[in-house]
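Chain identifiers are assigned alphabetically (A, B, ...) following the order of the sequence lines, protein sequences preceding nucleic acid strands; residue numbering begins at 1 within each chain. A quick note: this is a predicted structure, and the numbers were derived from the prediction, not measured.
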Protein chains: 2
Amino acid sequence: MAKASSVKDVAALAHVSLGTVSNVLNRPERVSPATRAKVEQAMRDLGFVRNESARQLRAGRSRTLAYVLLDARNPFFTDVAQGAELAAESAGLSLFLCHSDNRASREGDYLAHLVEQRVQGILVTPVDPNAAALDDVRRNGTPLVIVDRTRDDDHFCSVAVDDVLGGRLAVEHLVEAGHTRVAFIGGPETIGQVRDRLAGAREAWVAADLPEDQLVVVGTEALTVAEGRSAGERVMGIASSRRPTAAFCANDLLALGLLQQLSTAGLSVPGDLAIVGYDDIEYAAAAAVPLTSVRQPRQELGRRAAELVLDEAENPDHLHQQVVFTPELVARRSTRG
Amino acid sequence: MAKASSVKDVAALAHVSLGTVSNVLNRPERVSPATRAKVEQAMRDLGFVRNESARQLRAGRSRTLAYVLLDARNPFFTDVAQGAELAAESAGLSLFLCHSDNRASREGDYLAHLVEQRVQGILVTPVDPNAAALDDVRRNGTPLVIVDRTRDDDHFCSVAVDDVLGGRLAVEHLVEAGHTRVAFIGGPETIGQVRDRLAGAREAWVAADLPEDQLVVVGTEALTVAEGRSAGERVMGIASSRRPTAAFCANDLLALGLLQQLSTAGLSVPGDLAIVGYDDIEYAAAAAVPLTSVRQPRQELGRRAAELVLDEAENPDHLHQQVVFTPELVARRSTRG
DNA sequence: CCGTTCCGTTGAAACCTTTCAAACCGAGGA
DNA sequence: TCCTCGGTTTGAAAGGTTTCAACGGAACGG
């Protein structure tokens, strides 16, 4: 593999000028068919590959979008990513995924790197939506959209789903089914999502005139399958006379863990405990007992976020907007006697 | 947001030359503390962010690794990615994930883009390990390592797991448990993995002197949960006198689908059908009936791949190697009476 | 046959950083 | 006093592309 060849080499081989080669690359319609063919042949002969760094340096903009996500293992985020990918693809851009793994420091490293690379735009589901690191990105002129989180100010575009409404839908569904003692499983409360879903749950509970202390909050350390199992043990540890007859989990992973824990313990769902999850990930419908869940328009979330970030990048009179989608309850066997 | 400032602006503000600013950036130890402080202050005042394109253009190499993966929803790949990330991080590089979604065209687009970007190296789990697109990457001088697949020639480094052995382990386990009629569930056979696991299964079957026609192959279109359920229906459709008593699934997603299908149909695992999966993803241990599975050293796979690609990038006498890891059977309830 | 017009092509500047040989400067030694 | 030496700093070149004003020539109308 000889040293990579440049436009100059191509130009020399094709007996044309540098500028013409560049035109073939960027405005082929302006080049006569004959010259174009000559140049393209030369490119092939040399195995020419355009140097994107040089291109970007001169042209000023890159052909890349990035999505910095919290947890690549949670199908919710990969679905969002898929939506963003579709939007990026149709704009002729590539989407790179960066996995912050819930660590603020990694998130910061990625953001800094992306800003240095002058990507067209960044989508991010941040560890902390109010972190100053996000303002730094903005200050450096890289468009940034917050995904599935909201911020206290409106300095950014964001796309999110109405989690309070989602919480309300879930609990209304349980109340309608006649449950009068319900557990809310989720945590930590530092996550805005968890707070909102719980708030929605409370609204529905109060609206149904049920006594507040019958909505039991079972805290978790994270929104994972393992935490769901451990929450399950705690719920089952409650004396059966006072044990909730239904549980609303802050996400589907928790719900799946809970479900597993129950079936290991030989209890039936929904007989012994009805379960509502949140996110409606693929595995929810596919669980041993298909899960009732609150569906979020995941792909749509990603698609819209990508569109917003592109608008911010291209449209000089771009206005920040906070897009809020509406969730929807999908009832399945886990709440149906 | 005023136009981004450059080293030139920083130099002017700090009353030093261009070169000094660059030294602060790249070889701070050569700059006297006083000057350094001045320059750093100027950078802060201007909100200077190094332009990575220009840096890379001049310096010749990037600070990026990329992993082009098949299916972001399959936890197997995200675990591999995690391993690669760790290796990249400790080499001071960033890892970008690119989701080919099993489409050769998307994979090709990503590879081309990455080559144009002159990334340090590419890890890829390709749709087709023998595709010419991979050779193109190599020809253009970008190091590339094939992950979890193997190629017919040895023009590349690759890291994989011995799938034939894995298949053998799975079936030996079932044979030891006394099963004499077993289904192999998986497909399409264009996937090397599937072929190898089946080959291993056959080896073990023959070694146990069992009649060949009692190892039933149930084909699938893909390695997904949905396909697992549909395969389940087909298996259950077999007259009970001739129905296998155990199934070996080519991956855990299939196994999970199968498990769900059975429990929906009111059948018991392993009572009515014992199940062995493959990959030992997190959800396998966490399934309603914990799955026996063949574990692959996923993180290790990613880590080693990243190390190899870095060696290829930095070491002039790099030799391609085909690393093959050994899988391991993890027995759980799905095969234990 | 000349003047326009239009299309295709050219050449040089610009983008921002890194690199490296050379210049600088103050200190210590002769 | 002059030299040498070490550590700092400088200035210019280089890296590969895009952009754009300017150019050449052919076709066309007069």
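B:Arg151 places a side-chain N or O within 3.5 Å of a backbone atom of B:Pro129 that can act as its donor or acceptor partner. Distance alone, capped at 3.5 Å, is enough to place a donor-acceptor pair between the B:Arg138 side chain and the B:His155 backbone.
Donor-acceptor pairing under 3.5 Å is recorded for the side chains of A:Asp101 and B:Gln82. Side-chain contact check for A:Arg55 and A:Asn26: no donor-acceptor pair (N or O, by modelled atom type) lies under 3.5 Å. With no hydrogens or angles considered, a side-chain donor-acceptor pair links A:Gln193 and A:Asp148 at under 3.5 Å.
For the pair A:Lys8 NZ and D:dG15 P, the computed distance is 7 Å after rounding to whole Å. Look at CZ on A:Arg63: it is 13 Å from P on D:dT17, rounded to the nearest Å. One interatomic measurement links the two molecules: CG of B:Leu18 to P of C:dT18, which rounds to 10 Å at whole-angstrom precision. Atoms CZ (A:Arg30) and C1' (C:dC7) sit 11 Å apart, rounded to a whole Å. Protein atom CG of A:Asn51 is 18 Å distant from nucleotide atom P of C:dC15, rounded to whole Å. The CG atom of B:Leu25 sits 10 Å away from the C1' atom of C:dT18 (whole-angstrom rounding). The interatomic distance linking A:Arg27 (CZ) with C:dG8 (P) rounds to 13 Å, in whole Å.
For the OP1/OP2 pair of D:dT10 and a distance below 4.0 Å, the side-chain nitrogens and oxygens of B:Thr20 include at least one atom meeting the criterion. Checking the phosphate oxygens (OP1, OP2) of D:dT18, no side-chain nitrogen or oxygen of A:Arg61 falls inside 4.0 Å. A sub-4.0 Å separation between OP1 or OP2 of D:dG16 and a side-chain N or O of B:Arg118 is absent. Close to D:dT18, at under 4.0 Å from its OP1 or OP2, lies a side-chain N or O of A:Asn26. OP1 or OP2 of D:dG16 has not a single side-chain nitrogen or oxygen of A:Ser6 nearer than 4.0 Å.
With sequence neighbours left out, the salt bridge (Lys or Arg N to Asp or Glu O under 4.0 Å) criterion links B:Asp109 to no other residue. Residues satisfying the side-chain hydrogen bond (donor to acceptor under 3.5 Å, both in side chains) test with A:Glu107, not counting sequence neighbours, are none.
Note on A:Arg304 versus A:Glu300: no salt bridge recorded, every NZ/NE/NH1/NH2 to OD/OE distance being 4.0 Å or above.
Residue pairs that meet the ring pair (Phe, Tyr, Trp, His ring centres under 6.0 Å) test with at least one member in residues 80-128 of chain A, sequence neighbours left out, are A:Phe96-B:Phe96, A:Phe96-B:His113, A:His113-B:Phe96.
DNA chain C is contacted by A:Leu57, A:Arg58 of residues 52-59 of chain A, taking any non-hydrogen atom closer than 4.0 Å. Residues from residues 32-49 of chain B placing a heavy atom under 4.0 Å of any atom in DNA chain D, listed by number, are B:Ser32, B:Thr35.
No engagement by A:Val21 is indicated, since no non-hydrogen atom pair under 4.0 Å with the nucleic acid exists.
Axis deviation across the helix from C:dC1-D:dG30 to C:dA30-D:dT1 amounts to 60°, comparing end segments of five pairs, rounded to 10 degrees.
Across D:dT19, D:dT17, C:dT17, the shortest atom-to-atom separation from the side chain of B:Val7 is found for C:dT17.
No side-chain heavy atom of A:His320 sits less than 4.5 Å from a side-chain heavy atom of A:Asp154. Residues B:Pro28 and B:Val31 fail the side-chain proximity criterion, which asks for heavy atoms closer than 4.5 Å. Side-chain contact between B:Leu70 and B:Phe76: absent, with no pair of heavy atoms (C-beta onward) separated by less than 4.5 Å.
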